[in-house]
Amino acid sequence: MSQLKFITRYASIENPLDIEAYLAQGGFSGLREALTMSPKEVISAVKQSGLRGRGGAGFPTGVKWESVRGDTERYVVCNADEGEPGTFKDRYILEHTPYLVLEGMAIAAYAIGAQLGYIYVRGEYPHIVTALSNSIALSEKLGYLGTRILGSDFSFHVEVRKGGGSYVVGDETALLNSLMGNRGYPLLKPPFPTEKGLWGKPTVVNNVETLAYVPYIFMHGATTFASIGHPESPGLKLYSLSGHVAKPGVYEFPMGTTVGELLQAAGGTRGPLKAVQIGGTAGPIYDTSALGYALDFASMRKVGGALGSGALVFMNTSVSMVQVLDVTMRFFAEESCGQCFPCRYGTRQLAFMAHKIASGQGKLEYLDFMRDIARVMVGASLCPFGQSIALPLETILGGFGDEIVSFIKQQEFLKEVAV
Amino acid sequence: MKDVTLKINGNSITVPSGTSIYMAAEKAGISIPSLCRHEDLEPKGACGMCIVQIQGQPGFKRSCVTPVEEGMEVFTTTAAIRDIRRGILELVLATHPADCLQCIKHGKCELQTLAERFEIRALRYDRYTRDLPVDASSFGIVRDMNKCIGCGRCVQVCNEVQTVASIFFHGRGSNTIVSPAYGSSMGQSVCVNCGQCVVYCPVGALYEREAIEEVWKAIDDPQKIVVAQIAPSVRVAIGEEFGLAPGELTIGKLYSALRALGIDVVFDTNFSADLTIMEEATEFLQRLKGAGPFPLITSCSPGWIKFGETFFPDLLENVSSCKSPQQMMGALIKTYYVESRGIDRESIVSLSIMPCTAKKYEASRPEMNSSGSRDVDYVLTTREIARMIRQVGIDFANLPEGDPDPLLSRYTGAATIFGASGGVMEAALRTAYEMATGKTLEKVDFTEVRGMAGVKEAEIDVGGTPIKVAVTNGLGNARKLLERVEADKKAGHSSYHFIEIMACAGGCVGGGGQPIPNTLARRASRIEGLYREDRGLPFRKSHLNPEIKGLYAEYLGTPGSERAHALLHTHYTKREQYMVVPT
Amino acid sequence: MNPTNWGNTHHRNPQSSTKRDTLLSVLHSVQSPQRGKTWITDKDLSSIAREYKIPIAELDGIVSFYTLFSRAPRGRHVIRLCDSLSCRICGSLDIYRHIRKRLGISRGMTTGDGLFTLEIVNCLGACSTAPNMMIDDQLVSGVSLKEIDDLIDRLSKEGI
């Protein structure tokens, strides 16, 4: 049993809803093991494993679980509002290995003392909403979810909720807000959801992939997980590769695999490689020098970037960085929630300027203006969404500045600036 | 809770635990700029202007929502902070129409003030505006969303304070706009016209629907006789528009000012406040005799009336049938007054000067025409009349004390306290007591029902009967109280005999038409001014008003008479709260 | 002093005794592609507002926040074309221009026969098969322009 392939192994089960097939491959044995431990011991194991949130923020999962305090009414919420462009690993997990997520949620609920869990699935994955309800029903039938799980005193019910279409709702406080039936506004932290989350009760929000890796810790041991990859960012990771690459798709590799190694596994680029965006639209864009970058939270931080969701979008030399700037700034403007001034107004101005540049009406001073706006947004945005615009903007202007400057100077315009 | 000592800009200050950095700085004499924060409202952290730097913590923190901590070292203004604040202002100004000169808030706009403070001399960014039509569909309030900066104060006031919820954020990102439901306008929505959104809006996006030009026209028309009435709350607030202190009584100057404007006849709504008490105390005693329905609920706040019609239609039978003082006066002007002077009713323009935007709505209600035409033709808010006075160039603060015209202007202390929350209740008790017992009421002050608290309760002995009363101000508080009343009603009993409801916090002194800043602190000062006047007046009980006695003797007969009912009483209409466009 | 949510339906407000976590699901169900109704009418809004005891302005505010809901009438079939980075560099604009020409509408518009509404959306989470779009609840991935034409033909034949 290779311990370097976990999720992808379960994903190869032909019928994802077949719970017997899941069980036959050791499914729910992690939960069984966790239930022999005390909740405190479970949290300790997750801490020891070094598992960090796989949604993008990379917060240590065990520490998050440990920080739950206060009311005895508690919740576990699975963040399945995958919206980071270039990222499709959560879709992959939910389509192919839903039971892993349910098992992870059950372990989390046991650890923090939650009775009810929600899976918030983005509205653009409606088939997953249906399939998940079926998986939950099947799990309950066999006693892996529901009342008195596996004959223990622990009960945990899971319900599925559908999102309405909003990227920013992927932020954990915005997600809880949306789950409560409100506009998806992120909320100021503190208070943290682990103290005051859903309806003011302690809530743990974890990404799909994070929860899918939790059973690993109890099947193969925390130290095993911790020994893979980078010591500060260990374990396995699902990387989403797309763009101008020969074999786009989901690749499971140890944390710290380099960009080049992944590219090789995916058959190399289609056309000469020009740039790669790491971690999604809120992630840095690098030229070919990034091939040697190790893809884990700690190493990416060290080079001034971020791993984010682990998405990799490869761009060949046919791609104009002005186009990338235009598409990226437009994304932020369309997805800003609009609650705070810096982001509501800043993203709009940035999108204007990027679009003006792309339409052949750019001015050199726009580049300075854009940097200024980014500084305002980093300093005064209410939530990480607004702050995250700096990474893509700075890396495009920094790494590909010459291309953009000459584009502006020559008053070029992109043929394809239609939308 | 312990006190906390921290350093702000190098200076030590001690504040109670739980204080925000913003408030601590204010205590230390430092005014941190903000566009969305208001001292009366809960901070939401929308604008980002109030950011500060804290030693040992990375980045910037919003001082409005960050509590102080022992030993904190805060810097409220560094080069980086100034840079970000200017950046935010530039971004906001780039979306804001550049027509300050034509804007109603020119000179009083918080955005203008900050732009000036930060010396934004030029805009680097391309301007973009919304090009939205102005929504003037409501009688009381105009919405110009082109100027909205999205601070959210109006949303907070309407939804969380007043619990009317006629407007909310719509859309997302920079397309976010504040509006009623899509397809509906302000006039079609559940908006009660209380105008609290107007008094908290920092810019010119929300303002009163003005009647100034129409009133000038009437004044300039030699065929028209303009007859004005002035609400109690105006006399302790209008001075603020001319540099005087909130609460300073300036009624004499106001009479003079109105004459200087060219208004022909000046009456006083306080007269009809006394009248309202006559009718309402009578109504109350009738209910006492006849066992209900209880509680009797006051009806002089049109914002409350529309709120009740919309959200508590089952309680409409409890509401007093009395009109508000404004409407009673309007009806009498076009009947009693014109008949007594032999004037043609058609030549009268009935004008009222009110602290209230909902009064504009009230005056337009279809049933408010018992005189045969509109009982009140135009309503001017305190702010509007102040503008007219300024337009003419009158030095208000130095005007001589003037007098009103006789017949419909004398008033007692009971009338003038109508502007304060609890004033109607107190006035009614003063008269009801003497009406019911036939004895003289020695202790005239009912302090239990006074003050800014949201709900005040008391039990008053009226000739052996304990009367349970409640007074509430602010519609959110009213809602809580009325939910209890409704529950009681379903259970077949009532906890109260008599309830006073005012839509605005503090009562009418905090109305949507009052001078801005219209903070809770100022409202409290205005209230004090009213009680001061009450204490100094020769008569403090409505039924002792000689002009009131004359009105009944010569014209109305007795309180509750047929003529009184025809002119001074009204009815209500159930309204739908969940329709996008009510049919 | 922790800032609470906007609206008078915060969890601690007694008015919100009904838990609103099912609200988005109900809004989805009202917009059911199976019944050919792809938007939320005034009547829908009123009845949901009444059921959940949410003020109508706030409910409309909630609806208008999310991309998937519409308060204005839309076509029988809603085409959502992704134009985020992976799809853009894999040819989303070619598809957009093709559909625009074929149906005669641009983004945000509905065909005169009421059959199709074309929307441009952000990442649909299927980037490995870019360019992507959704038609109603179906993901349509990495298809050729010819296959798109065939799909439109088939749906047009089915009619309203």
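Just so it is clear, the values below take in all heavy atoms, side chains as well, and ignore hydrogens, waters and symmetry mates. Proteins get letters first, then strands, A, B, ... in listed order; numbering begins at 1 in each.
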A/H244/C/I89 under side chain to side chain contact (heavy atoms under 4.5 Å, CB included): CA gap, chis, key distance, verdict:
CA-CA 8 Å; A/H244 296 150; C/I89 63 176; 3.8 Å; yes
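- At most 12 heavy atoms of other shown residues, nucleotides or ligands fall within 6.0 angstrom of atom CD in C/Q138.
- Atom OG of C/S84 is separated from atom CZ of A/R330 by 7.0 Å, given to the nearest 0.5 angstrom.
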Criterion side chain to side chain contact (heavy atoms under 4.5 Å, CB included) on C/L85 and A/M315, from CA distance to verdict
CA-CA 10 Å; C/L85 188 60; A/M315 294 162 257; 4.0 Å; yes
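- Using a 4.5 Å cut-off between heavy atoms, C/L23 contacts chain A through its side chain alone, with no backbone atom that close.
- A/Y75 OH to C/D21 CG: the interatomic distance, rounded to the nearest 0.5 Å, is 8.5 Å.
- The contact between A/T87 and chain C is made entirely by backbone atoms, counting heavy-atom distances below 4.5 Å.
- Here A/Y125 is the residue among A/Y118, A/Y125, A/Y92 with the most heavy-atom pairs under 4.5 Å with chain C.
- Side chain to side chain, C/Y66 and A/S178 meet the donor-acceptor criterion of an N or O pair below 3.5 Å.
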Begin with the C-alpha distance, continue with both residues' side-chain angles, and end with the deciding distance and a verdict on side chain to side chain contact (heavy atoms under 4.5 Å, CB included) for A/V324 and C/R88.
CA-CA 9 Å; A/V324 176; C/R88 171 66 79 96; over 6 Å; no
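- For the set A/P126, A/G243, A/G83, the count of heavy-atom pairs under 4.5 angstrom toward chain C peaks at A/P126.
- Most heavy-atom pairs under 4.5 Å with chain A, from the set C/N122, C/T67, C/L24: that is C/N122.
- A/V168 touches chain C through its side chain: at least one heavy atom from C-beta onward sits under 4.5 Å away, while N, CA, C and O do not.
- Contacts with chain C were tallied for A/S240, A/C337, A/S318; A/C337 has the most, counting heavy-atom pairs under 4.5 Å.
- Here the closest non-hydrogen pair linking C/S25 and A/R161 is OG-CD, 4.4 Å.
- Residue A/K89 holds its NZ atom at 14.0 Å from OG of C/S128, rounded to the nearest 0.5 Å.
- Taking C/G61, C/G125, C/C82, C/C87 one by one and counting their heavy-atom pairs under 4.5 Å with chain A, the maximum is reached by C/G125.
- Here C/H28 is the residue among C/R80, C/H28, C/M134 with the most heavy-atom pairs under 4.5 Å with chain A.
- The two residues A/M180 and C/R20 have their closest heavy-atom pair at O-CB, 3.2 Å.
- Of all the heavy atoms in A/V313 and C/S86, the pair that sits closest is CG2-OG, 3.4 Å.
- Of all non-hydrogen atoms in A/R183 and C/I62, the two that sit nearest each other are CG-CA, 3.8 Å.
- With a 4.5 Å cut-off on non-hydrogen atoms, A/E84 touches chain C through its backbone but not through its side chain.
- Considering all non-hydrogen atoms of both residues, C/C123 and A/R122 come closest at O-NH2, 2.7 Å.
- Scanning all heavy atoms of the two residues, the minimum distance from C/L124 to A/E124 falls at CD2-CG, 3.9 Å.
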Tell me, with the steps shown, if C/D83 and A/E334 meet side chain to side chain contact (heavy atoms under 4.5 Å, CB included).
CA-CA 12 Å; C/D83 193 38; A/E334 286 179 356; over 6 Å; no
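- Atoms OG and NZ, on C/S29 and A/K162 in that order, are 8.5 Å from each other to the nearest 0.5 Å.
- When heavy atoms are compared at a cutoff of 4.5 Å, C/A130 does not approach chain A at all.
- Neither the backbone nor the side chain of C/L27 comes within contact range of chain A, judged by heavy atoms closer than 4.5 Å.
- Among the candidates A/V160, A/T281, A/L179, A/V129, the residue making the largest number of heavy-atom pairs closer than 4.5 Å to chain C is A/L179.
- Counting heavy-atom pairs closer than 4.5 Å to chain C, the top residue among A/G249, A/S166, A/G184 is A/G184.
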